[in-house]
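These notes concern the structure reproduced below.
We number each residue from 1, following the sequence as shown.
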Amino acid sequence: MLVFARAPVAGRAKTRLVPALGAWRAARLQRRMTLRTLGIAAPFRPEIHGAGRHSFFRSLPVAFVPQKGRDLGERMHNAAARALRRHRAVIIVGTDSPALTTRDLRRAARLLRSRDAVLMPAEDGGYALIGLSKARKEIFRGIAWGSAAVFADTVSRIRGAGLRWTPLRTVWDVDRPEDLGRLRSLRFPSGSRRAARR
């Protein structure tokens with residue numbers, strides 16, 4: 001289980017939420033969402049794959065691996081290929097979806113016993129989880145990351161690679177100010193000031 005995350009640095013984390021929250025509170029939210037994701041992934045002994053080498057990553061009680069690659073797609077492929085040298089399947093998740101649960105992760109792991117890929121779509125057109133039992137670079141190549149076409153384009157590449165795949169349930173992400181009301185309805189905890197510092 002690989003958790004891809006950004007460091008909770010004010011002004012660099014959750015930048016689309018800064019107009020609504022301010023830089024420090026947006027970074028604090030990034031920290032809380034990362035910790036929550038690690039919590040639901042705990043039964044799978046997750047690794048944190050961090051963008052950069054921020055001290056926050058080193059403070060966590062899980063293995064830290066720096067992301068390597070020119071864009072998100074290359075970084076995800078490199079991480080998946082590395083994991084598949086040691087394991088039969090790999091699941092990669094981000095930290096943006098508060099709807100993601102341990103039950104979802106267990107279902108993805110079960111499906112990967114008989115599928116080459118699983119994908120959890122997000123309402124904004126992206127995806128919250130990708131699971132693979134085979135490493136295929138073309139799945140991640142040429143994707144317009146952050147666009148509403150990420151899920152559809154990835155599905156097209158999975159099919160083009162001839163992989164057997166299954167979609168999971170659709171979840172929602174916290175990326176835009178309009179998502180914050182939905183997040184507050186979950187009584188999501190706020191976090192501490194310390195983690196948002198450089």
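Partners of Arg70 according to the salt bridge (charged side-chain N to carboxylate O under 4.0 Å, His left out) rule, which considers only residues two or more places apart in sequence or in another chain, are Glu74. In terms of the ring-ring contact (aromatic ring centres under 6.0 Å, His included) criterion, residue partners of Phe4 (sequence neighbours excluded) are, by chain and number, His49. Every residue two or more places apart in sequence or in another chain was checked for a side chain to side chain donor-acceptor pair (under 3.5 Å) with Thr37, and none qualifies. Residues forming a salt bridge (charged side-chain N to carboxylate O under 4.0 Å, His left out) with Arg86 (at least two apart in sequence, or on another chain): Glu47. Under the side chain to side chain contact (heavy atoms under 4.5 Å, CB included) criterion, Ala51 pairs with Gln67, not counting sequence neighbours. With sequence neighbours excluded, the residues satisfying side chain to side chain contact (heavy atoms under 4.5 Å, CB included) with Leu112 are Ala89, Ile91, Val118. Contacts of Ala149 classified as side chain to side chain contact (heavy atoms under 4.5 Å, CB included), with partners at least two apart in sequence or in another chain: Ser147, Asp153. When the salt bridge (charged side-chain N to carboxylate O under 4.0 Å, His left out) test is applied to Arg159, no partner is found at least two apart in sequence or on another chain. Residues passing the salt bridge (charged side-chain N to carboxylate O under 4.0 Å, His left out) test with Asp173: none are found, sequence neighbours excluded.
Listed by first and then second residue, the ring-ring contact (aromatic ring centres under 6.0 Å, His included) pairs that reach into residues 131-168 come to none, sequence neighbours excluded. Residue pairs meeting the salt bridge (charged side-chain N to carboxylate O under 4.0 Å, His left out) criterion with at least one partner in residues 97-111, sequence neighbours excluded, are Asp104-Arg169. Counting only residues at least two apart or on different chains, the ring-ring contact (aromatic ring centres under 6.0 Å, His included) pairs with a member in residues 61-115 are Phe57-Phe64.
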*asked:* Is there a salt bridge (Lys or Arg N to Asp or Glu O under 4.0 Å) between Arg182 and Asp179? Walk through the geometry before answering.
replied: CA-CA 6 Å; Arg182 205 170 181 181; Asp179 299 323; 5.6 Å; no
